[in-house]
Amino acid sequence: MNQRENNLMQTLDMSNPKFRAWVGLLGAVILWGAFAYSLQLRHGLAETGMRDQISWGLYISNFVFFIGISHAGTLISAILRVTDADWRRPITRMAEGITVVALCIGGTMVLIDLGRPDRALNLFRYPRIQSPIVWDVLSVSTYLSGCLIYFYLPLMPDLAILAEEANLGSFRRRVYQLLSLGWTGTPGEWRLLEKAISVTAVMIIPLAISVHTVVSWIFAMTLRPGWDSSIFGPYFVVGAIYSGAAAVVLAMCILRSVLHLEEYLEPVHFRNLGLLLLSFSLLYLYFNVNEYLTVAYKFQGGEKLLLDRLFSGDYAPYFWTVQVVGVLLPMLLMMAVLGPKRYRHFTVPGLGLASFLAIAGAWAKRYLIVVPTLSSPFLPIQRVPESWGHYTPTWIEWSITAAAFAAFLLLYTLLVKFFPVVSVWETRHMEPPAEEMETVSGFGPRAWGSAARLSLILVGILLVGATLARAEEKPVAGPTTLSVTWSNLPSAAVPKMEDARTDPAPGTPWQIGAFAGGMPHFWNSPGNAAKSPGVYPVVSVAAQLKDVKGQALSFQPVKFKLKTSLGWLDFGARPTDDEGKVALVVRDRRYGSYPVSVAYPGDGVHQPSLGETIVEFGLRPAAALPEGGVLTSPTFTPEIGLPFVLFYGSMWCVFAYSLGYLVIWKMRAARQAIALKPDTQ
Amino acid sequence: MEATRRGFIQFLARGTGLLLVSWVVVRTVAAHLFHAKLPPRSVAPGKQRWVMVIDLAKCDGCRDCTKACTKMHFVPPMQEWIKVYEIADNSAAGSYFLPRTCMHCDNPPCVRGCPVGATYKRTDGIVMMDQERCIGCRNCIAQCPYSARAFNWSEPPHTPEELAQPYSVEHNYPHRKGVVEKCILCPEMLRMGMLPGCAEHCTMGAIYFGDEFEDAVTNSKGDTVQFSRIAAKGAGFRLMEELGTEPRIYYLPPVNRKYPSPTEKHQHDADMANPA
């Protein structure tokens with residue numbers, strides 16, 4: 001064990017007054033936040049500045065921010081591991097630690113934002129796979145588990161080293177011993193560990209990218225101006241990696257100077273990561289330009305209001321500050337300290353400052369993504385108190401936010417105290433036994449079967465036999481009779497607008513078959529989606545008006561009325577023809593059976609009379625959900641559900657394989673085999 | 001191993017075979033798993049498909065609908081399940097009143113986004129809201145383009161009448177803290193064959209309500225008109241048609257207004273206040 005390792009081991013013993021004061025301060029802030037949260041629990045979210053119009057605020061911004069921060073750690077570490085970049089060795093552990101801690105905080109922020117945290121378990125009792133919130137639960141929990149495993153695997157040999165460390169207390173050493181799962185460091189164990197790490201590293205990359213994409217989809221799956229954007233997924237991923245890489249660099253700067261890790265963290269590490277950060281800041285700038293320019297160029301509809309407010313309205317100072325301080329300034333600063341030789345000696349502090357600005361800008365940017373969009377809805381904000389149209393976080397929200405940051409720092413501090421912040425075995429340049437590293441092929445792009453549907457016409461209309469209602473005879477002088485019959489005419493089709501876009505192209509039946517019939521509807525799913533009956537029944541109601549002698553009454557007005565469930569629908573009067581007959585053809589789009597009343601008002605000679613009949617229009621369509629509903633089904637929608645379940649399910653399979661099978665099961669087997677060897681010899 | 005052409009073709013054939021087999025497996029498993037059957041709560045008591053028509057020309061902005069709704073459902077303060085907006089589409093067109101209920105979309109973004117199915121579509125077209133399942137994530141509020149949803153930020157004030165009845169998803173009270181509320185088209189009134197509160201109490205008869213399958217809508221004055229006819233003749237439109245939400249609430253355009261517009265009304269009020 002050399003000097004720098006001794007130095008590193010001393011960090012595990014930190015308990016000087018400075019350290020205690022730091023932990024105490026963080027603990028106090030967290031307690032204060034807990035107090036604020038208890039008030040919020042008691043009085044409801046009314047304690048926050050959020051209201052019906054702007055219903056998400058600081059908490060959701062924090063959530064997006066922490067998930068973003070969580071990004072880079074594991075992703076950078078995994079990419080560097082997969083590409084076998086040797087300089088990564090001292091920084092992977094501290095990067096992965098950021099991920100694990102930030103994910104815990106980010107997930108908690110959503111719980112804090114819930115109106116009914118007591119019902120959070122409903123997410124598991126009644127999950128709807130069509131909801132972006134459920135995608136988030138799925139992806140963040142998978143990612144957190146993956147990152148814990150990915151943090152833990154390279155830690156195992158170090159835990160074994162710590163268990164031997166004499167300076168530590170015996171209890172702590174026993175815990176380390178337990179956590180190391182009896183790691184002994186035989187070549188077989190090394191081989192299994194390397195394999196498990198590389199498998200996990202490969203899987204973590206698509207997983208990490210999916211997580212922030214899914215977070216962006218919470219917003220992008222809405223119709224709101226500013227969120228309804230197809231670029232949001234990659235935009236968020238790039239923003240997340242940018243802020244996350246900045247967090248890693250900042251953590252490196254701070255740990256280096258506080259824990260005196262200069263011998264581990266050399267300028268080359270800063271330079272390499274700085275170049276990565278710089279390229280991501282350029283990429284982020286590009287995405288910003290792309291995102292805002294494409295909407296600003298057209299300046300349409302709801303986006304006009306939003307952009308007006310962002311570019312020159314009430315959010316403008318904030319917006320431009322964020323763009324300049326969060327993106328441009330760090331970029332220029334990094335170019336200066338990484339580019340010309342003249343300022344190279346400022347690399348470390350320069351990068352530290354740049355990444356601090358980037359992180360602050362990233363947090364502010366999350367706020368700018370969430371709040372201005374919500375405060376610019378489609379319909380104007382009317383008839384609510386003036387303050388409801390603007391969002392001002394209350395002290396409760398600020399306290400909880402501060403507590404979130406404090407908790408992040410505290411958890412990270414504890415991580416540093418309890419585990420070596422630099423991977424010991426990886427930096428010892430102890431080469432694991434040369435063995436062909438098995439690589440696992442990455443995931444290809446997911447094939448999303450798009451559910452093309454041919455609109456099937458046709459719910460058959462059953463026609464029921466006619467019933468005849470006799471007109472009542474009135475026992476008065478000059479009574480009239482009104483006999484009513486009705487009959488079905490051929491159904492009429494609901495008129496359709498000519499539209500070449502929706503008509504199938506002629507002469508390409510195989511394409512239609514391939515895309516509409518044969519493709520993804522292999523499950524018998526949409527039993528709950530109703531097709532609108534493409535036709536409606538046409539009914540003719542005929543009446544014969546006769547006087548008391550049975551003579552037809554010609555050219556007399558006859559009124560038709562139909563009884564609906566809520567009132568009488570009046571068809572007006574029709575004259576009888578020279579045979580005393582009158583017919584009403586009803587072409588309404590009506591289904592079911594209805595009493596139709598036919599009335600003759602009478603004149604000076606003839607008495608009024610009334611005829612009634614029950615007219616059967618076609619059968620009512622069966623009770624079903626509307627066909628227009630996309631992903632609104634109360635049941636599992638395979639089109640969207642299967643890709644998610646398969647993607648995250650395969651991640652869990654890999655976790656089970658790398659941790660459960662390789663590390664726990666096979667390693668034990670390998671150790672037992674070695675333990676048995678001396679006996680057999 | 002040598003890379004032969006034959007070997008490579010075999011390799012491709014095996015891969016194709018594997019893909020086909022897994023396709024068949026997924027297909028078989030999916031066919032057994034996903035036979036969609038509607039849960040009971042999604043099936044409405046009747047076979048209707050409700051529809052509402054609001055004649056903007058007849059709306060004079062009196063807000064009797066809002067008051068009746070608030071009274072009937074004990075709507076918590078600061079919420080209006082039917083809110084009467086004052087809208088001016090452009091600077092030249094005059095302003096008009098726009099009563100906005102929940103649109104009960106046939107393609108409801110809120111239902112799509114709800115993680116727990118607390119808001120769900122019923123077969124009679126109503127977008128229901130179950131306050132006993134809602135977790136208060138407010139994703140539906142973000143999803144709704146019509147701002148038709150409200151949240152109980154604190155425990156709403158209660159009245160004895162409200163608390164007298166047990167909670168039912170058909171009347172949505174007693175209200176509670178931390179859940180989302182909105183217009184649910186008065187299912188309990190519909191069960192009794194009555195108009196929803198807003199339509200019943202619209203003194204102008206501007207709100208027509210009925211069953212699309214009956215092709216008839218009725219207003220508070222007892223006028224029953226053919227739905228497809230007034231929608232066609234009156235150039236009925238739906239709010240933000242371009243968003244594809246397919247609302248069940250139709251509007252007749254505010255042409256030839258029978259009552260003063262909001263601007264005229266404000267002018268009148270100002271004149272009354274300062275008789276110069």
Side-chain angles (χ1 to χ4, degrees), chain A residues 43-46 51-53 55-56 114-116 119-120 122-123 126-128 130-134 221-224 374 377-380 382-384 522-528 564-569 588-592 620 623-626 628-636 638 642, chain B residues 27 30-31 34-39 42-44 47 78 80 83 85-86 100 106-109 111-117 120-121 123 133-139 141-143 145-147 150-151 153-155 177-179 193 195 210-211 213-216 218 222 224 226 228 240 243 246:
Chain A
H43 302 136
L45 287 167
R51 287 298 178 263
D52 289 345
Q53 309 298 327
S55 59
W56 283 341
L114 282 190
R116 297 297 298 241
R119 294 186 188 159
N122 280 4
L123 284 167
Y126 317 102
R128 280 187 77 253
Q130 299 92 337
S131 166
I133 305 279
V134 169
M221 295 299 171
T222 68
L223 299 159
R224 300 248 178 188
L374 282 172
F378 287 106
L379 285 175
Q382 287 180 358
R383 292 176 65 72
V384 288
F522 49 76
W523 35 77
N524 29 353
S525 102
N528 50 14
T564 69
S565 56
L566 292 165
W568 285 93
L569 185 60
D588 299 1
R589 300 176 194 174
R590 186 168 295 121
Y591 307 92
R620 271 175 184 270
L625 294 181
V630 180
L631 302 177
T632 55
S633 157
T635 51
F636 189 94
L642 277 186
Chain B
R27 188 189 166 119
F34 311 121
H35 37 83
K37 190 166 173 291
L38 284 182
S42 297
V43 181
K47 274 189 161 185
M78 309 310 302
E80 288 176 321
K83 189 190 284 269
Y85 282 89
E86 295 172 10
R100 188 273 291 126
D106 274 353
N107 183 17
V111 170
R112 207 161 36 197
C114 180
V116 294
Y120 58 96
K121 186 84 178 165
T123 53
R133 191 182 283 192
C134 176
I135 58 170
C137 70
R138 309 193 292 294
N139 191 31
I141 298 185
Q143 289 276 353
Y146 303 101
S147 309
F151 186 74
W153 297 95
S154 55
E155 184 69 34
K177 184 174 80 173
V179 292
L195 289 174
D211 177 5
F213 291 151
E214 288 189 347
D215 204 9
T218 307
T224 299
Q226 187 193 330
S228 55
M240 303 178 212
L243 298 182
E246 311 210 6

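Excluded from the calculations below are hydrogen atoms, water molecules and symmetry mates; all remaining heavy atoms, backbone and side chain alike, are included. Labels below follow one simple rule: chain letters A, B, ... track the order of the sequence lines, proteins then strands, and each chain is numbered from 1. All figures in this text were calculated on a predicted structure; none of them were measured in a lab.
- A/R128 places a side-chain N or O within donor-acceptor distance of the main-chain N or O of B/V111, the cut-off being under 3.5 Å.
- Contact between A/L566 and B/G193 at its shortest, heavy atoms only, is CD2-O, 3.5 Å.
- Among all heavy-atom pairs drawn from B/E214 and A/R620, the shortest one is CG-NH2, 3.4 Å.
- With rounding to the nearest 0.5 Å, the separation of CG in A/D588 from CD in B/Q226 is 3.0 Å.
- At a 4.5 Å heavy-atom cutoff, the contact between A/P380 and chain B is made by backbone and side-chain atoms alike.
- A 4.5 Å side-chain heavy-atom check between B/L38 and A/P634 finds at least one atom pair inside the cut-off.
- Counting heavy-atom pairs under 4.5 Å between each of A/L374, A/T564, A/V134 and chain B puts A/T564 at the top.
- Side-chain N or O atoms of A/R119 include one that pairs as donor or acceptor with a backbone N or O of B/C134 at under 3.5 Å.
- For B/T218 against A/G567, the heavy-atom pair with the smallest separation is OG1-N, 4.1 Å.
- Atom-to-atom distance recorded for A/L45:CG and B/R138:CZ is 5.0 Å, nearest 0.5 angstrom.
- Between the CD1 atom of A/I133 and the CD atom of B/Q143 there is a distance of 8.5 Å, given to the nearest 0.5 Å.
- The shortest distance between side-chain heavy atoms of B/N107 and A/T632 falls below 4.5 Å.
- For B/Y120, no part lies near chain A; criterion is any non-hydrogen pair under 4.5 Å.
- Only the side chain of B/P109 comes within less than 4.5 Å of a heavy atom in chain A; its backbone stays farther off.
- Among the candidates B/C114, B/G222, B/S147, the residue making the largest number of heavy-atom pairs closer than 4.5 Å to chain A is B/C114.
- Counting only heavy atoms from C-beta outward, the side chains of A/P626 and B/E246 never approach each other to under 4.5 Å.
- With rounding to the nearest 0.5 angstrom, the CG atom of B/D215 is 9.0 Å from the OH atom of A/Y591.
- With B/T123 contributing its side chain and A/A624 its backbone, the two residues share no donor-acceptor pair below 3.5 Å.
- Per-residue counts of heavy-atom pairs under 4.5 Å with chain B were compared for A/L631, A/N122, A/L123; the largest is that of A/N122.
- Both the backbone and the side chain of A/R589 come within less than 4.5 Å of a heavy atom in chain B.
- Between B/R133 and A/R116, the closest side-chain pair of non-hydrogen atoms is not below 4.5 Å.
- Put simply, the side chain of A/R51 never gets that close to the backbone of B/F151: no donor and acceptor are under 3.5 Å apart.
- Heavy atoms of B/K83 lying under 4.5 Å from chain A belong exclusively to its side chain.
- Taking CE from B/M240 and CG from A/L223, the interatomic distance works out to 9.5 Å, rounded to the nearest 0.5 Å.
- Both the backbone and the side chain of B/A142 come within contact range of chain A, with heavy atoms under 4.5 Å apart.
- Looking only at side-chain heavy atoms (C-beta outward), A/M221 and B/N139 stay at 4.5 Å or farther from each other.
- Chain A forms the most heavy-atom pairs under 4.5 Å with one residue out of B/S228, B/A150, B/G210, and that residue is B/A150.
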task: Tell me, with the steps shown, if B/E86 and A/R383 meet side-chain contact (heavy atoms from CB on, under 4.5 Å).
output: CA-CA 10 Å; B/E86 295 172 10; A/R383 292 176 65 72; over 6 Å; no
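- Proximity to chain A involves both the backbone and the side chain of B/S154, based on heavy atoms less than 4.5 angstrom apart.
- Of the atoms belonging to B/E80, it is side-chain heavy atoms, and not backbone ones, that fall under 4.5 Å from chain A.
- A donor atom on one side chain and an acceptor atom on the other are found under 3.5 Å apart for A/D52 and B/W153.
- Considering only heavy atoms from C-beta on, A/W56 stays 4.5 Å or farther from B/I141 through its side chain.
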